[in-house]
Protein chains: 2
Amino acid sequence: MIKGALIDLGGVVFVGDAALPGAVDAVGRLKAAGLPVRYLSNTTRRAQRMLIDDLARMGLSVSPEELFLPAVAARAHLKAQGLKPHLLAQPALAEDLAGLAGDRGLAVVIGDAGEGFTYKALNAAFRALLNGADFIALAANRSFRDADGQLSLDAGAFVAALEYASGRSATVLGKPSPDFFASALASLGCAPEEAVMIGDDVESDVGGAMALGMAGILVRTGKYEPGAEDSIAPPPTAVVDDLSAAVDCVLTYSA
Amino acid sequence: MIKGALIDLGGVVFVGDAALPGAVDAVGRLKAAGLPVRYLSNTTRRAQRMLIDDLARMGLSVSPEELFLPAVAARAHLKAQGLKPHLLAQPALAEDLAGLAGDRGLAVVIGDAGEGFTYKALNAAFRALLNGADFIALAANRSFRDADGQLSLDAGAFVAALEYASGRSATVLGKPSPDFFASALASLGCAPEEAVMIGDDVESDVGGAMALGMAGILVRTGKYEPGAEDSIAPPPTAVVDDLSAAVDCVLTYSA
């Protein structure tokens with residue numbers, strides 16, 4: 001019996017700057033059926049405020065409390081630990097991590113820096129790690145569906161580079177971190193087995209949610225590639241064409 | 001009974017553009033004792049011809065037959081396999097891999113590109129891998145001692161990034177590849193247990209050589225950091241201050 005839904009954003013609700021066909025409607029049908037929804041995204045390209053504005057332009061009204069982002073989780077983590085961020089991410093993300101002085105030291109914080117992943121920036125992060133900085137990955141995704149329709153390198157590749165060179169392991173704050181799922185579940189007021197995760201990343205979204213006991217629905221949009229469902233065991237609870245089909249599926253199991 | 005020596009170059013014979021104190025003399029003492037020497041370097045910053053010129057300027061005369069470099073091994077490998085290189089390395093390296101048309105397809109070949117490791121270049125290599133290109137790492141070193149005295153990211157970090165994102169494994173041609181050691185041993189005319197490797201990289205140089213049955217001497221120059229010898233098991237055959245001390249050690253066991 002499904003009582004709440006977690007939905008990924010990039011590749012599920014939108015690609016680039018445009019909502020996917022039927023996606024906004026599909027969310028509306030979930031809400032109309034009385035099912036609470038939270039958005040659980042690994043995006044680190046935009047600050048929370050910007051993402052909420054972008055979603056509003058696509059016709060989807062989302063409050064900060066409904067939106068779970070790695071940078072917001074990082075802010076809470078750094079504050080609790082007294083750490084100042086050494087940020088390697090898009091400049092647009094900086095506002096979510098601004099004003100953290102940190103009296104206990106530095107934490108290298110890696111997001112999807114895109115063209116900002118220069119040798120110089122990566123080497124500076126490497127040296128900070130060698131000097132004892134904490135090591136936080138906002139996300140560790142391998143790739144994403146880029147604006148030109150092809151897959152492009154995501155933050156995880158650069159996290160792997162720094163892990164290999166430094167011999168250290170990053171703490172991943174975004175999906176598939178159990179803590180990240182848990183905070184969204186707490187906000188939904190659901191036990192894991194009462195919730196479903198809908199995403200296009202078979203590892204971070206579907207595998208991560210299912211490892212916690214949630215249902216996991218893989219959509220064939222965004223970064224989905226044929227056969228992706230075969231890469232996790234157990235396989236996804238369902239594999240469907242898009243968010244609209246996923247919502248049909250959820251509504252069947254919540255009736 | 002040691003009958004031949006393999007010597008690493010960067011961090012052992014020279015750092016930056018300057019020979020280390022006593023290094024050129026030390027090589028001379030090995031040769032005077034009748035011990036054949038080969039140089040086994042993972043450097044991918046300069047073409048073979050340039051490196052030989054640089055060594056000559058430092059007072060060390062080295063022939064192409066005495067010098068084992070990943071790019072030279074890559075040339076032979078690509079030629080034998082009919083592959084054309086998609087090269088991600090310093091422009092200076094291109095001449096070692098020029099003129100390989102390749103009728104069987106592409107191979108992504110990663111060296112130490114330094115500032116050439118841009119997001120764009122890495123993403124192009126990633127996409128070539130997704131399209132089925134072979135995947136060759138000239139070397140997979142984690143870091144090197146940079147001109148400013150600090151450690152900097154080496155090619156291995158970027159190999160790890162592409163391995164993680166693509167789910168593929170690179171074939172490493174340089175140290176610690178057994179084939180790379182084997183070709184230098186064949187040139188020395190020594191069985192592994194008759195040869196010693198002298199290097200500053202505890203993994204690639206010392207661990208790699210010892211895995212083949214050679215003696216491995218770690219020098220406390222170049223990228224050496226205190227305690228490095230504790231990171232491999234069994235530990236290095238010897239840990240000494242520099243190449244000169246390593247040669248003293250070798251001459252004792254070759255007498």
Side-chain angles (χ1 to χ4, degrees), chain A residues 45 88-90 110-131 137 139-170 172 201-203 223 225 227-228 230-232, chain B residues 45 88-90 110-131 137 139-170 172 201-203 223 225 227-228 230-232:
Chain A
R45 291 216 153 188
L88 181 47
Q90 300 280 349
I110 315 274
D112 172 16
E115 307 274 339
F117 283 124
T118 62
Y119 181 81
K120 204 169 172 178
L122 285 162
N123 205 41
F126 170 61
R127 290 177 169 191
L129 291 174
L130 292 189
N131 285 331
N141 297 67
R142 296 171 200 271
S143 61
F144 67 97
R145 180 73 58 193
D146 212 335
D148 66 1
Q150 296 188 62
L151 294 178
S152 283
L153 291 171
D154 209 335
F158 300 91
V159 173
L162 291 172
E163 288 190 329
Y164 178 80
S166 68
R168 307 263 308 272
S169 285
V172 180
D201 189 310
V202 72
E203 272 184 298
K223 81 179 72 171
E225 299 255 290
D230 302 329
S231 68
I232 60 167
Chain B
R45 291 218 154 186
L88 182 47
Q90 300 279 349
I110 316 274
D112 172 16
E115 308 274 339
F117 283 125
T118 61
Y119 181 82
K120 204 168 171 179
L122 286 161
N123 205 39
F126 170 61
R127 289 177 168 191
L129 292 174
L130 291 188
N131 285 330
N141 297 65
R142 296 171 200 270
S143 62
F144 68 98
R145 180 72 57 193
D146 213 334
D148 65 0
Q150 295 189 62
L151 294 179
S152 283
L153 290 172
D154 209 335
F158 300 91
V159 173
L162 291 172
E163 288 191 328
Y164 178 80
S166 69
R168 306 264 307 273
S169 284
V172 180
D201 188 312
V202 72
E203 272 184 298
K223 80 180 70 172
E225 300 256 288
D230 302 330
S231 68
I232 60 167

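If you're wondering where the values come from, they're calculated on a predicted model, not measured in any experiment. So that the names make sense, note that chain A is the first sequence line, chain B the second, and so on, each numbered from 1.
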Participant: Is it the case that the side chain of Arg142(B) and the backbone of Tyr164(A) share a donor-acceptor pair, with hydrogens and angles ignored and the cut-off at 3.5 Å?
Facilitator: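 Yes.
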
Participant: Rounded at 0.5 Å granularity, tell me how far CG in Asn131(B) sits from CD in Gln150(A).
Facilitator: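 The distance works out to 7.0 Å.
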
Participant: Please state whether the side chain, the backbone, both or neither of Ser152(A) comes within less than 4.5 Å of a heavy atom of chain B.
Facilitator: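 Both backbone and side chain of Ser152(A) come within 4.5 Å of chain B.
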
Participant: Nearest 0.5 Å, what's the CG-CZ distance between Asp148(B) and Arg127(A)?
Facilitator: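 It comes to 4.0 Å.
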
Participant: What part of Ala140(A) gets closer than 4.5 Å to chain B, counting heavy atoms only: side chain, backbone, both or neither?
Facilitator: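 Contact with chain B: backbone and side chain both.
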
Participant: Which residue pairs pass the salt bridge (Lys or Arg N to Asp or Glu O under 4.0 Å) test with at least one member in residues 112-126 of chain B, sequence neighbours excluded?
Facilitator: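 Qualifying pairs: Arg45(B)-Asp112(B).
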
Participant: How far apart are the closest heavy atoms of Ala157(B) and Ala165(A), and which atoms are they?
Facilitator: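 So the two residues come closest at CB-CB, 4.0 Å.
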
Participant: Is chain B contacted by the side chain of Leu151(A), its backbone, both, or neither, given a heavy-atom distance below 4.5 Å?
Facilitator: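 Both backbone and side chain.
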
Participant: Among the options Gly114(A), Ser143(A), Ala113(A), pick out the one with the most heavy-atom pairs lying under 4.5 Å from chain B.
Facilitator: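 Heavy-atom pair counts peak at Gly114(A).
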
Participant: Does the side chain of Leu122(A) come within less than 4.5 Å of Phe117(B)'s, by heavy atoms?
Facilitator: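 Side-chain contact under 4.5 Å: no.
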
Participant: Quick one: CZ on Phe126(A) to CG on Asp154(B), what's the gap to the nearest 0.5 Å?
Facilitator: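 With rounding to 0.5 Å, CZ (Phe126(A)) is 9.0 Å from CG (Asp154(B)).
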
Participant: Measure distances from Leu153(B) to the heavy atoms of chain A and classify the residue's part below 4.5 Å as side chain, backbone, both or neither.
Facilitator: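 Both backbone and side chain.
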
